[in-house]
Amino acid sequence: MPEHERKEERRRLRPAPLLFEPSEATADPEHFFDLESIDDPRALLSRSTELALAFRAAADRAVEFQAVAAAQLADPRRFDRLTPADVAERAQWTEDYAKKMIEFGRDLLRGSDVP
């Protein structure tokens with residue numbers, strides 16, 4: 001997929017802003033982004049779909065940041081570089097997964113498609 005298409009796809013995956021809930025609302029285990037107060041099923045489906053897409057986009061974006069950070073930490077040009085095992089330990093990953101994430105991060109950095 002060309003870079004401009006990837007960027008366009010990311011923009012489409014951000015349909016709803018993720019806002020932090022007030023602390024008193026998060027204390028109530030039944031409260032979730034005020035969805036429980038929506039009575040109209042059409043509105044509930046619409047808003048919950050927006051949130052689900054936004055959470056997926058946020059998770060994808062966070063993984064890209066993880067990959068970039070892993071690649072930067074493992075960069076052989078750094079005097080304090082970490083081994084894949086060290087990266088894995090810090091991120092609570094397996095070493096194989098850390099190697100894949102480091103390579104993914106390097107690909108992102110090479111493509112200047114940095115998150």
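In this text the structure is predicted, and so the values were computed from the model without any measurement.
Both L51 and L44 sit in one connected hydrophobic cluster of ILVMFWY residues. Membership requires side-chain heavy atoms under 4.5 Å apart, directly or through other members. Taking hydrophobic clusters as Ile, Leu, Val, Met, Phe, Trp and Tyr residues chained together by side-chain heavy-atom distances below 4.5 Å, I102 shares a cluster with V63.
With a 4.5 Å cut-off on side-chain heavy atoms, Q66 and W93 count as touching.
Under a cut-off of 6.0 angstrom, the local environment of CZ in R42 is sparse, with at most 12 non-hydrogen atoms contributed by other residues, nucleotides or ligands.
Atoms CZ and CG, on F65 and L108 in that order, are 10.0 Å from each other to the nearest 0.5 Å. Atom CZ of R90 is separated from atom CG of L82 by 5.0 Å, given to the nearest 0.5 angstrom. Atom CG of D86 sits about 9.0 Å away from atom CD of E95, to the nearest 0.5 Å. Remark: L45 CG to T49 OG1 distance equals 4.0 Å, nearest 0.5 Å.
Nearest heavy atoms, R81 versus D75: CB-O, 3.1 Å.
Salt-bridge check for K100 with E103: failed, with every basic side-chain N at 4.0 Å or more from each acidic carboxylate O.
Ring planes of F55 and F32: tilted class, angle from 30 to 60°.
Not one N or O on the side chain of R106 forms a donor-acceptor pair closer than 3.5 Å with the backbone of A71.
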